[in-house]
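Only one structure is covered here, and it is reproduced in the block below.
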Amino acid sequence: MSEVKMDDIISLAKRRGFVYPGSEIYGGQAGMYDYGPLGVELLNNLKAAWWKAHVYERDDFYGLDSAIFKDPRVWDASGHTSGFSDPLAECKKCNTRIRVDKELEKIGVTADEKMSEAELERLFDENRDKLKCPKCSAADFGPVRMFNLLVKTNMGDFTGEMAEPVYLPGEACQGIYLNFKNVVDTTPAKIPFGIAQIGKAFRNEISPRNFLFRTRELEQADTQYFVKPHENKDEYERIKQRRMDWYTQVLGVRPEKLRLKQHENLVFYAADAWDIEYDFPTYGFDEIEGIHDRTDYDLTQHAKFSGTDLSYVDPMTQEKYIPWILETSVGMGRMLLTVLSDAYHEEEINGDKRVVLKLKPELAPVKVAVSPLLKNKPELVAKAREVYTMLKKEFGAVMWDDNGNIGKRYRRQDEIGTPYCIVIDFDTLEGDTAGTVTVRNRDTTQQERVKIEELVGRLRAS
RNA sequence: GCGGGUGUCGUAUAGCGGUUAUUAUCCCAGUUUUCCAAACUGGUGAUUGGAGUUCGACUCUCCGCACCCGCACCA
């Protein structure tokens, strides 16, 4: 069997209605993807599994859904408006891009990162003759340009002359920091505790690429766990382990395809930072989730910029402090791509290739497909309809499939990861086996006869 | 954003300055079919968009757009 390529998975995703290129009929929009009928089911199942693990199965966690639009000062506090807008200029000869502020500093000219584009441009122009391209030594640069990852909007502006733009979130987790005090004040939450949120983020990625891996609009599932200062280490280790276990046990991802990798260069405030990486086809190991030991940076920044005291008072000891934060942050698109990549298998069956998505049943977009063995036998069709209606009421994501012959239906369901196919045949209608149907297992391709009244219980148990 | 490459039905592909634009598969409808992509019939469906050259452009030129590779970016 040849090596699986990401192209195979992208092709399947499009062909079967998991993921479509964004705005496709207009030629496509870079960095945007739409989830189709099966994709949205898978995505919702992933979110539900994540929410279950971080909210329902925990009594020290609280859910949240914060507004997308936030006070622009939020992004000043987080560092996104300054720290992530780098002034760059390009060498006209070899196209190497230089950081203008860093090159200026090398020749002793101080360039503050808070300077405007115009100021930097002026400084750059004044010193142009002293600057050389570090690669080809030419001294011919294009104009200075600021690259800022934040997406601006004109929210609340009707004149087009707004002094300060309102930004779309560059990361979803800021909403958690903004509501830390609210959650403490309105719930029984006592440190240590966590807040979980799944939210949208938007980034002006210079070069979105690699399918769902780097997009301009993304959804992030974040947890922020608030602990007492300096009581971060043990909990951080537990979180790392728990998150790894979640991928293998809940999502069913192969352990050998996952690894934890420590950041080599930490941002100045971070105590520690690790990524969970998955070994994607074609791309190789790349980050799906970041786990960060962030100290008190985030709440301190927001306290400073907002003027609101965000410290916590321990109800037992009356100790007052800014809690430290342990963060997990995973892109839902990356999670979905991980699950698709890991579930995708090409197998040989009776000399033919079969493509099968070995998704955990609870993640599968279609739980069960129901077929009459033959579609030109009204008595089979009627009985199958009955079973279909019953199961659909129970599970929702149930598919009716009477197209082509039975083998073809099995293959079609294999390809979208449907764990069980139920077939109503002549034995369902008469003889000792009356009232039973065959249930065919996606992974083993084996089937067994099950009584109709036991179907729901049987499918629930699996 | 820069440099290079690519762009034909949903998918995978063939071909040509003048074609009814090929084939397979998928999909839809029907016939058939007593369990792993059988067969038959019919059907929908494509030259990435826009200009230009030309009597005529899917084919040549230019400008967009998207995707791929490299650089850069990646809280």
Side-chain angles (χ1 to χ4, degrees), chain A residues 6-8 10-17 20-32 36 75 78-86 88-99 135 142-143 145-150 169-171 173-174 201 203-211 213-214 220 263 266-270 273 275 282 286-287 290 292 294 297-298 327 329 349-356 371-377 380 402-415 421-429 437-442 445-447:
Chain A
M6 190 53 89
D7 281 346
D8 300 327
I10 295 172
S11 172
L12 172 77
K14 174 79 194 296
R15 184 156 38 89
R16 304 260 77 157
Y20 309 125
S23 304
E24 198 182 9
I25 62 170
Y26 284 95
Q29 184 83 344
M32 302 295 168
W75 307 107
S78 71
H80 285 77
T81 45
S82 58
F84 306 112
S85 64
D86 300 329
L88 300 178
E90 204 161 88
C91 170
K92 284 182 177 170
K93 196 174 165 196
C94 70
N95 297 316
T96 296
R97 188 166 291 169
I98 61 160
R99 278 280 296 269
K135 198 168 169 188
R145 268 183 294 198
M146 304 291 275
F147 284 83
N148 191 316
L149 258 51
L150 288 179
E171 60 183 11
C173 66
Q174 293 298 328
R203 302 174 186 187
N204 268 325
E205 295 286 353
I206 294 172
S207 166
R209 206 172 280 187
N210 294 354
F211 194 44
F213 200 82
R214 170 158 283 117
Q220 296 180 306
H263 284 206
L266 289 175
V267 276
F268 67 92
Y269 54 80
D275 290 336
T282 307
D286 217 332
E287 176 190 353
H292 307 301
R294 301 176 63 83
Y297 178 73
D298 305 287
E327 171 190 72
S329 178
I349 180 169
N350 303 333
D352 284 326
K353 186 175 104 170
R354 90 159 172 156
V355 173
V356 53
S371 290
L373 180 61
L374 300 173
K375 76 165 165 180
N376 62 348
K377 297 286 187 285
L380 289 181
D402 64 359
N403 198 331
N405 65 38
I406 195 68
K408 192 167 183 169
R409 294 175 215 159
Y410 287 154
R411 297 298 171 80
R412 184 165 33 223
Q413 296 301 328
D414 287 344
E415 208 175 37
C421 290
I422 288 172
V423 171
I424 282 68
D425 59 14
F426 292 97
D427 291 341
T428 306
L429 303 178
V437 296
T438 64
V439 177
R440 181 260 194 185
N441 182 295
R442 176 195 67 202
T445 76
Q446 299 301 305
Q447 40 192 353

Fill in: Presence of donor-acceptor pair under 3.5 Å, side chain of A:S207 and base of B:rC73
no
Fill in: Length of the line joining A:E205:CD and B:rA72:C1', which is rounded to integer Å
12 Å
Discussion item. A:D414: which residues meet the salt bridge (Lys or Arg N to Asp or Glu O under 4.0 Å) condition with it, sequence neighbours left out?
Written reply: A:R354, A:R440
Discussion item. Can you list everything that forms a side-chain contact (heavy atoms from CB on, under 4.5 Å) with A:E24? Sequence neighbours excluded, please.
Written reply: A:K14, A:P21
Item to complete: Kindly give the heavy-atom pair with the smallest separation between A:A201 and A:Q220, and that separation in Å.
Response: CB-OE1, 3.7 Å
Fill in: Sugar-phosphate, base or nothing in reach of A:G170, heavy atoms under 4.0 Å
base
Response to the item:
Stems field, RNA chain B, Watson-Crick or wobble, 3.5 Å, at least 3 pairs, by first number, holds B:1-7 with B:65-71, B:10-12 with B:23-25, B:27-31 with B:39-43, B:48-52 with B:60-64
Worksheet item: If you check the A:R203 side chain, which of B:rC68, B:rU34, B:rA75 turns out closest?
Response: B:rA75
Discussion item. Holding to side-chain contact (heavy atoms from CB on, under 4.5 Å), I want the full list of residues that pass it with A:R16, two or more places apart in sequence or in another chain.
Written reply: A:L12, A:F18, A:L38, A:R412, A:E415, A:I416
Between protein and nucleic acid, restricted to nucleotides 36-39 of chain B and to nitrogen or oxygen atoms under 3.5 Å apart, what atom pairs and distances do you find?
from: B:rC36; atom 1: O2'; to: A:N350; atom 2: ND2; distance (Å): 3.1
from: B:rC36; atom 1: O2'; to: A:R411; atom 2: NH2; distance (Å): 3.4
from: B:rC36; atom 1: O2; to: A:R440; atom 2: NH2; distance (Å): 3.2
from: B:rC36; atom 1: N3; to: A:R440; atom 2: NE; distance (Å): 3.1
from: B:rC36; atom 1: N3; to: A:R440; atom 2: NH2; distance (Å): 3.2
from: B:rC36; atom 1: N4; to: A:R440; atom 2: NE; distance (Å): 3.4
from: B:rC36; atom 1: N4; to: A:T445; atom 2: O; distance (Å): 2.1
from: B:rA37; atom 1: N7; to: A:R411; atom 2: NH1; distance (Å): 3.2
from: B:rA38; atom 1: OP2; to: A:N405; atom 2: OD1; distance (Å): 2.7
from: B:rA38; atom 1: OP2; to: A:N405; atom 2: ND2; distance (Å): 2.0
from: B:rA38; atom 1: N7; to: A:N405; atom 2: ND2; distance (Å): 3.1

Worksheet entry | First encountered from the 5' end of RNA chain B, between A:D427 and A:H263 | A:D427
Worksheet, complete the sentence: Of the listed B:rC35, B:rG70, B:rU33, the closest approach to the A:R209 side chain comes from B:rG70
Worksheet item: Quantified in whole Å, what is the P atom distance between nucleotide B:rU20 and nucleotide B:rC63?
Response: 33 Å
Item to complete: List in chain and number order the residues that pass side-chain contact (heavy atoms from CB on, under 4.5 Å) with A:T282, two or more places apart in sequence or in another chain; answer none if no residue qualifies.
Response: A:K5, A:M6
Discussion item. Measure CG/A:N204 against P/B:rC74 and give the value in whole Å, please.
Written reply: 14 Å
